Amino acid sequence: MKKVTHNRFIVSAKVGTKGQIVIPIEARQMFKIKTGDTLMVLGDKKRGLALMKDDIFYKLMEKKK
């Protein structure tokens, strides 16, 4: 884990045989991700993948109405 600042970091994660990844403890702590939380997987073929907690995603979608 290479920390860039207290608000950012760069990390690699390997994909297991079942397509699962482990979210590093620093990310789980920073974003308050707990066991049982639901994450949204957002994908764009040119820009890549992003993970977002579902409650934040739905709040953003409400603002767009």
Side-chain angles (χ1 to χ4, degrees):
M1 164 93 34
K2 297 265 185 181
K3 290 196 177 187
V4 178
T5 70
H6 67 282
N7 291 323
R8 298 178 183 189
F9 55 84
I10 298 171
V11 27
S12 63
K14 290 191 179 201
V15 179
T17 58
K18 294 183 180 182
Q20 298 169 320
I21 62 167
V22 174
I23 301 169
I25 187 72
E26 294 86 353
R28 294 193 316 263
Q29 289 172 341
M30 181 182 287
F31 296 103
K32 298 178 177 63
I33 298 170
K34 297 179 232 54
T35 301
D37 284 351
T38 299
L39 301 178
M40 304 298 287
V41 179
L42 295 85
D44 181 283
K45 202 166 190 170
K46 291 183 180 179
R47 299 172 85 187
L49 295 172
L51 298 174
M52 180 182 289
K53 286 183 73 173
D54 67 334
D55 59 336
I56 295 170
F57 174 81
Y58 291 122
K59 284 178 188 174
L60 287 172
M61 292 300 103
E62 283 293 314
K63 288 181 182 180
K64 296 199 179 232
K65 286 185 178 180

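Source: prediction; values computed, not measured.
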_Where Val11 and Pro24 come nearest, the two heavy atoms and their spacing_ = CG2-CG, 3.3 Å

*Side chain to side chain, Lys32 and Asp37, heavy atoms closer than 4.5 Å*: no

_Partner set under side-chain contact (heavy atoms from CB on, under 4.5 Å) for Val15, not counting sequence neighbours_ = Ile21

*May I ask you to test the Leu39-Ile23 pair for a side-chain heavy-atom distance under 4.5 Å?*
yes

_By salt bridge (charged side-chain N to carboxylate O under 4.0 Å, His left out) - contacts of Asp54 (at least two apart)_ = none

*Side-chain heavy atoms of Met52 within contact of Leu42, under 4.5 Å*: yes

*According to the salt bridge (Lys or Arg N to Asp or Glu O under 4.0 Å) rule, which pairs have a member within residues 38-50, sequence neighbours left out?*
none

*Treating Ile, Leu, Val, Met, Phe, Trp and Tyr as nodes and any side-chain heavy-atom pair under 4.5 angstrom as an edge, say whether Val22 and Val41 lie in one connected cluster.*
no

*State the OG1-OH distance between Thr38 and Tyr58, to the nearest 0.5 angstrom.*
8.0 Å

*Does Asp55 have any side-chain contact (heavy atoms from CB on, under 4.5 Å) partners at least two apart in sequence or in another chain, and if so, which?*
Lys53

